[in-house]
Amino acid sequence: MIDLARHDRIRALRWQPEGALALLDQRLLPREQRWIDCHEVDQVVDAIRALAVRGAPAIGIAAAYGVALAAREPGADIARIEAAIQRLWAARPTAVNLMWALSRQREVLARTGADAGALLAEAQAIEAADYAANRSMALAGADCIAEGSAVMTICNTGSLATAGLGTALGVIRAAHAAGKLRALYACETRPWLQGSRLTLWELGQDGIPCKLIGDGAAAWVIKRERIDWVIAGADRICANGDTANKIGTYGLALAARQHGARTMIVAPCSTIDPATPEGDDIEIEERDPAELLGCGGVRIAPEGAAGYNPVFDVTPATLISTLVTERGVLHRPDRAGIARLLGGDPG
Ligand code: MRU
């Protein structure tokens, strides 16, 4: 029996009984733990755009609560709530959990009208389901990992990115609790440093040893340290299994394949987008090159230098050994396996 209770303490967001959504401002971590109280939907739109809340499942949950906030605003009616849904929808393009959660809220809106209570209940149900999915995935993923394994991960896929234990980081937490990890490496994840700022902060609180590596060191460390598993989350999984995740994931999967390591993607079914046939159809978010031309608010590149800042990439399904979801584990995910999974028949 794996004990996960002590790894389940960090939260990215909280619904406040007085009717506000509190978000832990992830731009300030690990230096400062400051909560933002959102009383209006546009505060949630701004928080998603600015990465105060981030990580695919957390974005979806925050957006669902954003719709509940919109329904509480003076003069709220179906048209105004629908306009708020559209602003939330446009906040970030790649993580499909955002559109998935908003589609669920749209259905509630259509069924109940501008019923603030029903929209809040739906947001809470989405959060609770993600919490439960995290736990199932953590245990199922850890089950695939042999004792004495070395693991590499990227970005932050933990409690800060979800409602609970996390996706990839949930599996890592469970594998650590089961005593299976020989070594753990986290990529720093330039330019926003989700690896060094957020993942190391979460792991530090849990007492899970991890070494930070520069993104450029990843291929060499996979070879040199005999990594067994690259474990990553996902922002959108296509009908054929191609997977968008934080920029750098594709490179890790290539290096893993070259050196005999396996790549595991961990994501709830809310990240699977059957309407997107394959990776080339995914809109990849490009952010301001200024994020890349400096570091920690300090300009590094010379004035006038240009940058290109795509923040996600797509790993083709053929490089993914294992897909872990709350409905089951797919080895060598493909179109047929994913259709089976979504049809309720775990692969
Ligand atoms: O830009 P971010 O920080 O929102 O990107 C997050 C990621 O790429 C995560 O790996 C992904 O959302 C899965 S998180 C459970």
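Remember, it's 1-based here, ligands and their atoms both numbered in the order they're listed.
In the vicinity of Q194, heavy-atom distances shorter than 4.0 Å reach the ligand 1 atoms 1 (O), 2 (P), 3 (O). The ligand atoms of ligand 1 that sit less than 4.0 angstrom from a heavy atom of T167 are 15 (C). The F312 neighbourhood of ligand 1 comprises atoms 1 (O), 5 (O), 8 (O), with distances under 4.0 Å to a heavy atom of that residue.
When only interatomic distances are considered, the shortest N/O to N/O separation between G233 and ligand 1 does not fall below 3.5 Å. On a distance-only criterion, T157 and ligand 1 share no N/O pair closer than 3.5 Å.
In terms of protein heavy-atom proximity, atom 5 (O) of ligand 1 is closest to K246 CE, 3.3 Å. Scanning the protein for heavy atoms near atom 14 (S) of ligand 1, the closest one is A161 CB, 3.6 Å. The nearest heavy-atom contact from the protein to atom 3 (O) of ligand 1 is R54 NE, 2.6 Å.
At least one heavy atom of A234 sits closer than 4.0 Å to an atom of ligand 1. The shell of residues lying under 4.0 angstrom from ligand 1, judged by heavy atoms, includes R92. Taking a 4.0 Å cut-off on heavy atoms, V311 fails to register as neighbouring ligand 1. Not a single heavy atom of W192 sits closer than 4.0 Å to an atom of ligand 1.
Atom CZ of R226 has 12 or fewer neighbouring heavy atoms from other residues, nucleotides or ligands inside a 6.0 Å radius.
The cationic atom of R236 (NZ for Lys, CZ for Arg) does not lie both less than 6.0 Å from the six-membered ring centre of W100 and within 45° of the ring axis. Relative to the ring axis of W89, R106 places its NZ or CZ within 45° and under 6.0 Å from the centre.
Between the side chains of R104 and S270, no donor N or O sits under 3.5 Å from an acceptor N or O.
Of the candidates D235, L51, I154, L160, the one placing a heavy atom closest to atom 8 (O) of ligand 1 is D235. Of the candidates N97, T162, N245, N245 brings a heavy atom nearest to atom 10 (O) of ligand 1.
For F312, the ring pair (Phe, Tyr, Trp, His ring centres under 6.0 Å) criterion is met by no residue, not counting sequence neighbours.
Under the 4.5 Å side-chain heavy-atom criterion for grouping Ile, Leu, Val, Met, Phe, Trp and Tyr, V221 is not connected to W229 through any hydrophobic cluster. Residues Y65 and L109 are members of one and the same hydrophobic cluster, defined by side-chain heavy-atom contacts under 4.5 angstrom among Ile, Leu, Val, Met, Phe, Trp and Tyr.
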**Q.** Derivation of the side chain to side chain contact (heavy atoms under 4.5 Å, CB included) call for R340 and L330
**A.** CA-CA 10 Å; R340 235 180 15 252; L330 271 185; 4.1 Å; yes
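Among D215, I154, I231, I227, the one residue that satisfies the side-chain contact (heavy atoms from CB on, under 4.5 Å) test with L252 is I154.
Of all the heavy atoms of A56, the ones lying under 4.0 Å from any atom of ligand 1 are found in both the backbone and the side chain.
Taken from CD1 in I265 to OG1 in T325, the straight-line distance is 13.0 Å, to the nearest 0.5 Å.
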